[in-house]
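Following: one structure in C-alpha cells, then a few remarks.
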Amino acid sequence: MTQATPGQMEHTHLGRSGLSVSRLCLGTMNFGPETSEEDSHAIMDRALEVGINFFDTANVYGWVKGEGITEQIIGRWLAQGGGRREKTVLATKLYGSMSDWPNDTFLSARNIRHACDASLRRLQTDHIDLYQMHHVDRRTPWDEIWEAFEVLRTQGKVLYFGASNHAGWHLAKANETAHRRGRFGLVSEQSIYNLLKREVELEVLPACEDYGLGFVPWSPLNGGLLGGIVRKTQEGKRRLTGRAKEGLKKHRKALKRYEELCDEIGEEPADVALAWLLHQPVVTAPIIGPRTMEQLDGALHSMSVRLEDDVLEELDALFPGPGGPAPEAYAW
C-alpha cells in the first residue's frame, strides 16, 4: 500500500516487510568522489525535508580500498543529530574488497561479521536497517551466510537483509534456505533496470513478486542515456566516451524518438525514465544518485508524472523488453 507525505513524497512497504520507505531512494555513490562532503550533507538534509527516508550506500563507495569514504560522510551527517538517524532507513552493502587480504571480500561468516562492524563504526550508528549483499557469492554456502546474518540480527546490529545483482534462482535459493531455518529471509533485491536494460523481467522480477521482495532499480537513466543524451550532445553539453558513446551509437534512433515523445508530453526525459519505473508494479523505489542539489530537485518531479497508456505502449515499442517472464518469453 502506498501512502503519501502531504505535499512531498509517497511511501510504501519494502516488499512484504512492515518497513515504510520512500518511492525514491537516495543513492550516495557520488558522495566523496563527485560531491563534496558539505554538498552531500546538504543533499541529505534536503532529501529528508521532502520525505525521502530511504538512503542507499555501500562499504566500497568512495573507491579508495578500505576507506569507506562515503559511509564516513554519511556517518558525520548522522552524528549531527536532529533526528537524522531516526528518520532515515539506512541501507548499506558488503561484498567488495576492503583490503588486499583474502578474507576482507565476499560473504564468508568472517567477512560478514567484520564488514558489518566496520560499517557501523564509519556510519556512527548502532544498527543498519537494510544490510545487502552487493553481489552473489557462488562459493559460500547459504547456510553459512544466513547463520552469520542471524547473529547480526540477534545482536541488534541489522534489522533486514537484502540482495543486489542476484539472479532469480539465487533469490529463490536464499529465501528457501532462510525459510528452512525458520527465518524471514530477504526483503529486497537491487538490480539494474531501466527502459534500455530490461533483462530482470525474465526471472528476477517474477521471483521478487513471488517471494514478496521489494525491487530497487539502480541506474534508472542507464548512465545518462535516458536523460536527454541526444539533445545534450548536439548542444555540446556533454561529451561521450566508452560505453555511453557506444550506447548512443547503438540506440540513437530510439533515443531520438524517445526525446521527441518526451517533448510531446511536456516532460523531461530523465523524469519520464523514472516515472516509467514507478509505473512498474514490482518496483519499490528507483535509486537516484544526484551529484548536485539541482539534480535531486529535478528527480522529485518524476513523482508527479503520470504516463498514459498510449505513451507506455510507445515506450515499450521503442525499448522492447524480453517479451515477458520466463519461460513464456522464449517458449510456447
Side-chain angles (χ1 to χ4, degrees), residues 1-3 10-27 53-56 58 89 91-95 107 128-138 142 145-146 149 158-181 183-220 222 273-288 312 316 319 321-330:
M1 180 178 178
T2 299
Q3 299 176 319
E10 291 180 352
H11 295 79
T12 189
H13 284 179
L14 182 62
R16 70 192 184 285
S17 79
L19 185 67
S20 292
V21 296
S22 49
R23 291 297 320 274
L24 292 178
C25 176
L26 182 69
N53 73 332
F54 191 13
F55 291 12
D56 177 76
V89 175
T92 192
K93 300 185 281 291
L94 84 152
Y95 176 89
L107 300 175
I128 294 162
D129 296 299
L130 177 64
Y131 202 33
Q132 302 160 108
M133 299 171 283
H134 211 161
H135 206 285
V136 64
D137 184 345
R138 293 178 174 87
W142 281 109
I145 292 170
W146 278 116
F149 281 171
V158 176
L159 300 183
Y160 299 93
F161 296 95
S164 181
N165 304 308
H166 282 52
W169 75 271
H170 295 138
L171 300 176
K173 193 167 184 179
N175 266 19
E176 290 301 325
T177 303
H179 295 166
R180 176 169 50 79
R181 298 176 66 90
R183 300 297 173 170
F184 193 62
L186 302 174
V187 299
S188 63
E189 160 63 16
Q190 185 183 130
S191 286
I192 187 169
Y193 186 37
N194 56 59
L195 280 164
L196 285 165
K197 293 287 292 181
R198 298 178 59 172
E199 293 88 345
V200 292
E201 293 175 3
L202 281 168
E203 300 203 25
V204 174
L205 294 187
C208 288
E209 185 174 21
D210 191 68
Y211 281 97
L213 273 64
F215 185 76
V216 184
W218 59 266
S219 195
N222 203 48
L274 285 169
W276 180 82
L277 284 170
L278 290 166
H279 277 71
Q280 307 310 307
V282 184
V283 169
T284 301
I287 297 176
I288 57 172
L312 291 169
D316 274 333
F319 308 108
E328 289 84 354
Y330 49 77

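Any value given below was found using the heavy atoms of this structure, including those in side chains, with hydrogens, waters and symmetry copies removed.
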### S22 and E10: CA distance, side-chain angles, deciding distance, side-chain contact (heavy atoms from CB on, under 4.5 Å) verdict
CA-CA 6 Å; S22 49; E10 291 180 352; over 6 Å; no

### Task
Count the heavy atoms belonging to other residues, nucleotides or ligands that lie under 6.0 Å from CD of E199, then report whether that count exceeds 12.
yes

### Query
Judged by atom type as modelled, is there a donor-acceptor pair below 3.5 Å linking the side chain of Q132 to the main-chain atoms of T92?
yes

### Contacts of P206 that satisfy side chain to side chain contact (heavy atoms under 4.5 Å, CB included) - sequence neighbours left out
P325

### Query
Is there a donor-acceptor contact under 3.5 Å from the side chain of E189 to the main chain of L213?
no

### Query
Does D129 reach the main-chain N or O of L159 with its side chain, forming a donor-acceptor pair under 3.5 Å?
no

## Note on the structure
Looking only at heavy atoms, the pair that brings L186 and A174 closest together is CD1-CB, 3.7 Å

### Message
What I'd like to find out is whether the side chain of L19 reaches to under 4.5 Å of the side chain of V187, using heavy atoms alone.
### Response
no

### Message
Testing the 3.5 Å rule here: is there a donor-acceptor pair between the side chains of S188 and Q190?
### Response
no

### Message
Between L205 and R198, does the side-chain contact (heavy atoms from CB on, under 4.5 Å) criterion hold? Intermediate values first, please.
### Response
CA-CA 10 Å; L205 294 187; R198 298 178 59 172; over 6 Å; no

## Note on the structure
For N194 and K197, the nearest pair of non-hydrogen atoms, with its separation, is OD1-N, 2.8 Å

### Task
Decide yes or no on side-chain contact (heavy atoms from CB on, under 4.5 Å) for N53 and V21, but give the supporting numbers first.
CA-CA 6 Å; N53 73 332; V21 296; 4.2 Å; yes

### Query
Between N222 (side chain) and L196 (backbone), is there a donor-acceptor pair under 3.5 Å?
no

### Message
Please verify the inter-ring angle class for W142 with H166; under 30° counts as parallel, over 60° as perpendicular, anything in between as tilted.
### Response
tilted

### Message
Ignoring hydrogens, what is the shortest heavy-atom contact between A329 and L202? Give both atom names and the distance.
### Response
CB-CD2, 3.6 Å

### Message
So, using side chain to side chain contact (heavy atoms under 4.5 Å, CB included) as the criterion, who are the partners of A172 when residues are at least two apart?
### Response
Y211

### Query
Once you round to the nearest 0.5 Å, how far does CH2 of W146 lie from NE2 of H179?
8.0 Å

### Message
Looking only at the side chains, is there a donor atom on one of E201 and Y193 sitting less than 3.5 Å from an acceptor on the other?
### Response
yes

## Note on the structure
In terms of heavy-atom contacts, F55 and C25 come closest through C-SG, 4.4 Å

Please list, one pair per line, the donor and acceptor atoms closer than 3.5 Å that link side chains of residues 274-288 to other protein atoms, with sequence neighbours excluded.
from: H279; atom 1: ND1; to: A275; atom 2: O; distance (Å): 2.7
from: H279; atom 1: NE2; to: L307; atom 2: N; distance (Å): 3.3
from: Q280; atom 1: NE2; to: W276; atom 2: O; distance (Å): 2.8
from: T284; atom 1: OG1; to: F215; atom 2: N; distance (Å): 3.2

#### Entry: side-chain contact (heavy atoms from CB on, under 4.5 Å) between N165 and Y95, intermediate numbers included
CA-CA 11 Å; N165 304 308; Y95 176 89; over 6 Å; no

## Note on the structure
In terms of heavy-atom contacts, V89 and S20 come closest through CG2-O, 3.8 Å

### Query
Looking only at heavy atoms, what is the nearest atom pair of Y160 and S17, with distance?
CE2-CB, 3.7 Å

### Query
Is there side-chain contact between L130 and L14, with heavy atoms separated by less than 4.5 Å?
yes

### Task
State the NZ-NE2 distance between K93 and H135, to the nearest 0.5 angstrom.
12.5 Å

